[in-house]
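As C-alpha cells, the structure follows; a few thoughts come after it.
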4 protein chains.
Amino acid sequence: MTNHWILSFACDDRPGIVHAITGAIVACGGNITESQQFSSADTDRFFMRLQVEADGPREDFERELAPVVERYGMQWQLDDVGRPLRTLVLVSKAGHCLGDMLFRQRAGQLGVDIPLVLSNHPDLGSLATFYDVPFEHLPVTDAASKAAFEARVLEVVEQHDVELVVLARYMQILSPELCARLAGRIVNIHHSFLPGFKGANPYRQAHARGVKLIGATAHFVTSDLDEGPIIEQNVVRVDHAQSPAQLMAIGQDEESRTLTRAVQWISEDRVLLDGQRTIIFR
Amino acid sequence: MTNHWILSFACDDRPGIVHAITGAIVACGGNITESQQFSSADTDRFFMRLQVEADGPREDFERELAPVVERYGMQWQLDDVGRPLRTLVLVSKAGHCLGDMLFRQRAGQLGVDIPLVLSNHPDLGSLATFYDVPFEHLPVTDAASKAAFEARVLEVVEQHDVELVVLARYMQILSPELCARLAGRIVNIHHSFLPGFKGANPYRQAHARGVKLIGATAHFVTSDLDEGPIIEQNVVRVDHAQSPAQLMAIGQDEESRTLTRAVQWISEDRVLLDGQRTIIFR
Amino acid sequence: MTNHWILSFACDDRPGIVHAITGAIVACGGNITESQQFSSADTDRFFMRLQVEADGPREDFERELAPVVERYGMQWQLDDVGRPLRTLVLVSKAGHCLGDMLFRQRAGQLGVDIPLVLSNHPDLGSLATFYDVPFEHLPVTDAASKAAFEARVLEVVEQHDVELVVLARYMQILSPELCARLAGRIVNIHHSFLPGFKGANPYRQAHARGVKLIGATAHFVTSDLDEGPIIEQNVVRVDHAQSPAQLMAIGQDEESRTLTRAVQWISEDRVLLDGQRTIIFR
Amino acid sequence: MTNHWILSFACDDRPGIVHAITGAIVACGGNITESQQFSSADTDRFFMRLQVEADGPREDFERELAPVVERYGMQWQLDDVGRPLRTLVLVSKAGHCLGDMLFRQRAGQLGVDIPLVLSNHPDLGSLATFYDVPFEHLPVTDAASKAAFEARVLEVVEQHDVELVVLARYMQILSPELCARLAGRIVNIHHSFLPGFKGANPYRQAHARGVKLIGATAHFVTSDLDEGPIIEQNVVRVDHAQSPAQLMAIGQDEESRTLTRAVQWISEDRVLLDGQRTIIFR
C-alpha cells in the first residue's frame, strides 16, 4: 500500500538541510510530490513542507528521519495527506462562519473533523444539528460561568485530542491563561477596514467615513487581542451607495471565506509560525 | 457648435429635483449623455452629475438653470467636458507618484494642467523638466521656511487660479490654516495596511507582522491628519517571502495608481462631498 | 401605505425623456430613490431604471405614466421592489449551481420563487427536497421524450406564469422553437476560457494548454448556441500545478456565483436588452 | 566574493533528484536561498529552479553539478541572479508595450538589455531614442522585404547573442522558418476576450457582444499562430457604457502589463516549458 505523508519542519538555517532531508526520503524509497521551502531573513530560521509518497510503513520513514531531525534540531510534524483536523468550534449568535465551514466540510472541501460546536448562546444549535455535528450550549454571564466555559473547552480539547480551536465569531474574550495553554492552536476571524476602526459598530463607522474597501483577517489568537500572527486577509470593493447593513452583509461573506480558507490551510499543514509571522505554503 | 458640459450639484433632498433640472435642459435644447444621482440617507442631501450636449451658448443654459438652482438652494458647478483641471503638485523626494501623473497627462489619460511642481527638495527637478512642467525648489527647514513655502503655495493658487493641490508624497504636514483655506481642494495619498501601523517604517512593521494585503488610500486633506474623506483605495496581495523593500515597491505602485485615479475623477467632477464621505460618480 | 416600485423602460433616444418621466413621478407624489440611465450609441435607444417610493396606489402612478409611455413609444415594466421572480430551474446531474441558488434563496439573498425544478435525471431530487422545492424527473432519451420535456417546460411556464427559465447546468440543447418562444427569458451558464476550447473536455484542454485564467459566462439563450447576450462573467487565476479535476472544481465555483448573480440582477430588473448586448444597471 | 546563481533544470522524474542536486550544492559550500519544483503528471518530467549563494567560483559549482546532470539527463541552465536578458524588441506602430518595457527597464524593474528595437514602421523611433535604445526601421511591404526583415532579425540575434525576441505589438506574421529557428525564444502579446473573436476589429466585436471582461495573453510563438504555450494572462472588468475606443485603451493597458510581466519572469529564469504548457516559478 502506498502512503502519502506531509512532512513539515522548521530549524535554524544552515547548509545541507535539504540534502539531508531528501536523503532520508530517498533511503526509504519515497517520492516527493510537493515541496516548498523558505529561509527567513528575519529569524534565520528555515521552513519546509514536503509531500512524500512511499510504499513502506511510517516507522521506516521515521527511522530514517530521526538522525536528520536530531542533527538539525528540527521542530517537525509528520501527517497523513487528507487526514481531517480535529477541530473544536466556538460560536455565539452569528452563524455565517459556522454555516460556511459545515457546508464546505460536508461537500468534501474542508478537511476537519468537528467533535463539538460549543456556544455561549443556544441560537446555532439547529444549524449544527442539520449537519449532524454535536452542539452544546453553555451560557457565559459572569466570571464563574466564563471560567466554566473555558474549563469545558480544555476538557473537550483533551478528551478529543483537539488540534485546532476555531473562534467562528465567538464574541467572548478568552482569558490569557487559555490563550497561553493553546498557543498556536486557536484561530480567530475579524472584520478589517482601511483605516481600522475601534469601538462598537465598525460597519457604521466605515460607512460614515466612506471607506472603499472592507475585508476580513484570520489570525492566530494570542493574549494580545486581535494582534496574533495573520494567516489570511481578503477585501472587497464597496461604494457610497451601500448602507451599513449592506456593508455588514458583504463583510460577513469575506469573514466566512477568509476563515474557512485559513482553517483549510492549517488542516493541510500549510501554515508555519516564524515568530510573529506566518509562513503560508499554498 | 455643440457644447458638452458637466453639471454637478447638491441640495436638500425633496421631490421634483430631477424633473426641474431636466426641464431646464429641455428648455435650452440640451441632450443628457450621462447621468448619475444619489440620495444620502445620512444627510438627506441629494447629489447629481449630468453630462449635457447642447448647441446654444453657455449663457442660455445658465439662464434656464438659474431659477431651478435658486428654488432648490443648489450648490452647483458647470464645467466643460475635457477641460483640464488647474493643478498644483507638491512633492518631496519620492518620484513615483509625480512620474505617473506626468506620464498619464502627456499620454492624454489625465486631464490636468500643471502650472508648477513645488518641492522642499531639489531631487525631482529633472523629472518635471523632462515633461516640460515648471519646477521650483523651496527648502523647508524651520518654522519660517515652512511658512514661506505655504505662502508660496497660496500665491501660486491665486496666480494660476489653481483648483486642486495634490500632495504627491509631499512629506511635510500642512498647517491647519492652509488646510482650512484650501478645504476640499487638497488631495493626499498614503499607504494603507490591514491593520494600520503607526510610526516610522510601516513597511517594516507590515513585514514583521506578516500582513497579506498592502495598499493605498487617496483622501481629501483636513487638519485632522490622514483622516479626511476617502476618495479611492486599492490593495494588492503579498506574502511571507517579500522583503520590506519589496513591500515598499509594491506599495508605491499602488500609491501611484490610486492617486492618479483620484485626481482623474476630481478632474471630471466625479467626486462630491457628503459630510465626511465622498460620493463617487464613476 | 408606502409603495416601492421599480420602473424600467427603453425607447428611442430623444430630448425630454427624463423630464417627462420624472414629471409623472412628481405628479403622483413619488420620490426617486435610485436612478440609472444609458444612451446607446449603437442603437440610438435610451434605457432607464428608476426606483420610486409613493404613498398612492399603483393605478395613480400608471395613469400618470400612460401619456408619457405613449408619447415616447416606451417598452416599459413596473414592478414591486422585492417581489420574487417566478423561476423555473432546469438541471441535469451537476448540482453546484442549483445548490448555490437554493442556498442563497433560503438565506434571503436571492429574490426568486421556484415552483419547480425539472430535470432529465433523478440525481438532484433530494437536494431540491431538502430546500422544500418541488422536483420532477422527466428522462430525455430520444426526440419524442425531448419534445415531451420541452412541452412540460412550456406547460409549467404557463401554469405558474414563469418569468425566467434558468438552465443550471442543464445539458440538453433546447430546440430553436423553445428558444424563440421564451426569447429573453432563458438564462444559461457555461465555463469560459482564454482562449476558448471546443469539444468534449474543456478543462482537460485548458490544462493541456496551460491557461492561467478560467471562468464562467452567464448569458441569455438564443437559438445560436452559447452566443446570446452576455449578462455576467467572472474569472479566477490558476496555475500549472492544478490538475484538470481541480480546474473543474474552481470553474464550477465560478459558474455558481456567476449564474446566481445574473439571476439576482434579472430578479431586480437590472438587466435590459440593447440588441445583442445587455445593459446592466448594477 | 559571494556569487548568486539561478540553477534551473528539467529531467525525467525519478527518486533522488533533489537529494542529488542539493548534494552538489552542499559540496561547493552553497546555500539555497530560493527553491521551487514541480512534477508534471502529464509528461512525467521534473522541473526545478534554485537560487544558490556560494563563495567559490562558478567552475567549482559546475564541476560538482556535472555528474548529477549527466546521471539524470538534465536540461539545465546556470545564470547569475540579476544579469539582464539580451532582448531584441520588434514593434510596428503601437507604442504602449514598448513604452512600458523601456520605462520599467530604466526604473530598474525589468532586467533586460536591449541592443536594438527593430520596426517595420518609423513611428516609434523617438520613443526608443528618448530611452537611449538603438532603433532601426526596415519596411515590410512584400515577400522580399519581409525576408530581409527576418534575415536582419537573425543577424541581430547572432551578433548580440540575443536570448529573447519580444513581439511588442509587431503586426507581421513571422515565417514558420523563423519560428522554428527561434523556438522557445520568441514571446508575443495579444488581446483576449471571453469568448474569443476572430477577424479585423475584435474590440468592436467585443463591444457589440457586450462582453464584461477583456484581457491579454502573453505566449511563446510557434508556427501555429497565437497558439503557443501561455505564459501570463490578465483580464479587467468592463461594462456596457464603454465605447470600442475605451475598450481598446483598457485592453492596451492589460497588454502592456501582461507582456512586461512575462518578459520579467523569463529574464529571471522562472518560465520552463513542459510540452505545450509553461511552468511558472513565480
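All chains are named by letter (A, B, ...) in the order of the sequence lines, taking the proteins before the strands, and each is independently numbered beginning at 1.
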Arg277(C) side chain to His207(D) backbone, donor-acceptor under 3.5 Å = yes

Toward chain D, the part of Ala241(C) with a non-hydrogen atom under 4.5 Å = both

Just wondering, more than 12 heavy atoms not from Gln75(D) lying within 6.0 Å of its CD?
-> no

Chain D: which of Ser40(C), Ala208(C), Pro229(C) shares the most heavy-atom pairs with it under 4.5 Å?
-> Ala208(C)

What residues of residues 251-266 of chain D sit under 4.5 Å from chain C when you count only heavy atoms?
-> Arg261(D)

How many angstroms lie between atom NE2 of His240(C) and atom CZ of Arg282(D), to the nearest 0.5 angstrom?
-> 10.5 Å

NZ/Lys212(C) to CD1/Ile231(D) distance, rounded to the nearest 0.5 angstrom?
-> 8.5 Å

Where does Asn234(C) contact chain D at under 4.5 Å (heavy atoms): side chain, backbone, both or neither?
-> both

Enter the distance from Gln233(D):CD to Arg237(C):CZ here, rounded to the nearest 0.5 Å.
-> 8.5 Å

With chain C, which of Ala41(D), Gly210(D), Ser39(D) has the greatest number of heavy-atom pairs at distances under 4.5 Å?
-> Gly210(D)

Can Leu213(C) and Val235(D) be said to form a side chain to side chain contact (heavy atoms under 4.5 Å, CB included), step by step?
-> CA-CA 9 Å; Leu213(C) 296 172; Val235(D) 292; 3.7 Å; yes

